[in-house]
Colleague: 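Attaching a single structure in structure tokens format; questions to follow.
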Amino acid sequence: MPRQLGELEDAVMTRVWQWNRPVTVREVLEDLQQERSIAYTTVMTVMDNLHQKGWVRREVDGRAYRYTSVSTRAAYSAALMNEAWSKSDNPAAALVAFFGMMSPEQREALLAAVRLVQGDVQGEVQGEVQGQVQGDQAADGGTSAER
């Protein structure tokens with residue numbers, strides 16, 4: 001199971017997932033510098049660490065690397081939720097508490113996802129749910145590999 005990304009790792013991975021294309025350290029650096037003061041070497045180290053941990057793959061492009069995500073943000077989030085749930089001494093109670101924290105829109109999305117997984121969704125609703133899932137995957141990097 002993956003461990004939760006650190007704050008800077010998450011900031012870097014968010015860009016990799018959102019851009020959905022190979023990115024350089026320089027591109028990530030320039031975008032991060034809009035929010036904070038950060039050195040090129042810091043971003044390079046974080047991206048190298050993410051590569052070593054298996055979050056991104058990299059290919060040589062001239063004198064630099066281009067990084068792409070190995071997984072999607074959706075798969076990462078799902079793995080974190082599964083890990084947290086599996087550590088509970090009462091998984092059913094943990095789920096009830098989690099569902100109680102959800103907004104009505106989140107609960108409806110959850111129900112639609114359950115129907116999709118169970119194969120009970122028909123026609124338009126199935127297409128809508130699949131479209132949401134595929135849209136989320138495309139926004140997260142378009143890969144379906146799981147961590």
Colleague: Hey, any chance Met101 and Val114 share a hydrophobic cluster, counting ILVMFWY side chains that come within less than 4.5 Å of each other, even indirectly?
Modeller: no
Colleague: Applying side chain to side chain donor-acceptor pair (under 3.5 Å), which residue pairs with at least one partner in residues 38-47 are found, sequence neighbours left out?
Modeller: none
Colleague: OG of Ser71 to CH2 of Trp55: how many Å apart, nearest 0.5 Å?
Modeller: 6.5 Å
Colleague: If you measure from CZ on Arg66 to OG1 on Thr24, what distance do you get to the nearest 0.5 Å?
Modeller: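 With rounding to 0.5 Å, CZ (Arg66) is 5.5 Å from OG1 (Thr24).
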Colleague: For the residue pair Met13 and Leu5, establish whether any side-chain heavy-atom pair is separated by less than 4.5 Å.
Modeller: yes
Colleague: Would you say Val56 ends up clustered with Val60 if hydrophobic residues are merged whenever their side chains have heavy atoms under 4.5 Å apart, either directly or through other cluster members?
Modeller: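 Val60 and Val56: one cluster.
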Colleague: Report yes if some heavy atom in the side chain of Leu110 is under 4.5 Å from a heavy atom in the side chain of Phe99; otherwise report no.
Modeller: yes
Colleague: For residues 29-51, pull every pair meeting salt bridge (Lys or Arg N to Asp or Glu O under 4.0 Å), keeping only residues two or more places apart or in separate chains.
Modeller: Glu7-Arg36, Arg15-Asp31, Arg15-Glu35, Asp48-Arg58
Colleague: Check whether any side-chain heavy atom of Leu32 lies under 4.5 Å from a side-chain heavy atom of Val43, and answer yes or no.
Modeller: yes
Colleague: Within the structure provided, determine whether Tyr67 and Val25 are in side-chain contact (heavy-atom separation under 4.5 Å).
Modeller: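 Side-chain contact under 4.5 Å: yes.
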Colleague: To the nearest 0.5 Å, tell me how far Gln106 CD sits from Leu111 CG.
Modeller: 12.0 Å
Colleague: Would you mind reporting whether Ile38 and Gln33 have side-chain heavy atoms less than 4.5 Å apart?
Modeller: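 Heavy-atom side-chain distance check passes, below 4.5 Å.
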Colleague: Would a line drawn from the ring center of Tyr76 to the ring center of Trp17 be shorter than 6.0 Å?
Modeller: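 When the ring centroids of Tyr76 and Trp17 are compared, they turn out to be within the sub-6.0 Å range.
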Colleague: Kindly state each residue pair satisfying salt bridge (Lys or Arg N to Asp or Glu O under 4.0 Å) with at least one member in residues 84-108, sequence neighbours excluded.
Modeller: Glu83-Lys87, Glu108-Arg115
Colleague: For the pair Trp85 (side chain) and Ala94 (backbone), establish whether a donor and an acceptor sit closer than 3.5 Å, ignoring hydrogens and angles.
Modeller: no
Colleague: Does a side-chain heavy-atom distance below 4.5 Å link Val16 with Leu50?
Modeller: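 Sidechains of Leu50 and Val16: no contact.
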Colleague: Would you indicate whether Glu59, at its atom CD, is surrounded by more than 12 heavy atoms from other residues, nucleotides or ligands within a distance under 6.0 Å?
Modeller: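 Not more than 12 within 6.0 Å, no.
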Colleague: Is there side-chain contact between Thr14 and Glu9, with at least one heavy-atom pair below 4.5 Å?
Modeller: no
Colleague: Can any side-chain N or O of Asp61 pair as donor or acceptor with the backbone N or O of Ala64 at less than 3.5 Å?
Modeller: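 Not confirmed, Asp61 side chain does not pair with Ala64 backbone.
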Colleague: Quick one: does Glu27's side chain get under 4.5 Å of Trp19's, heavy atoms only?
Modeller: yes
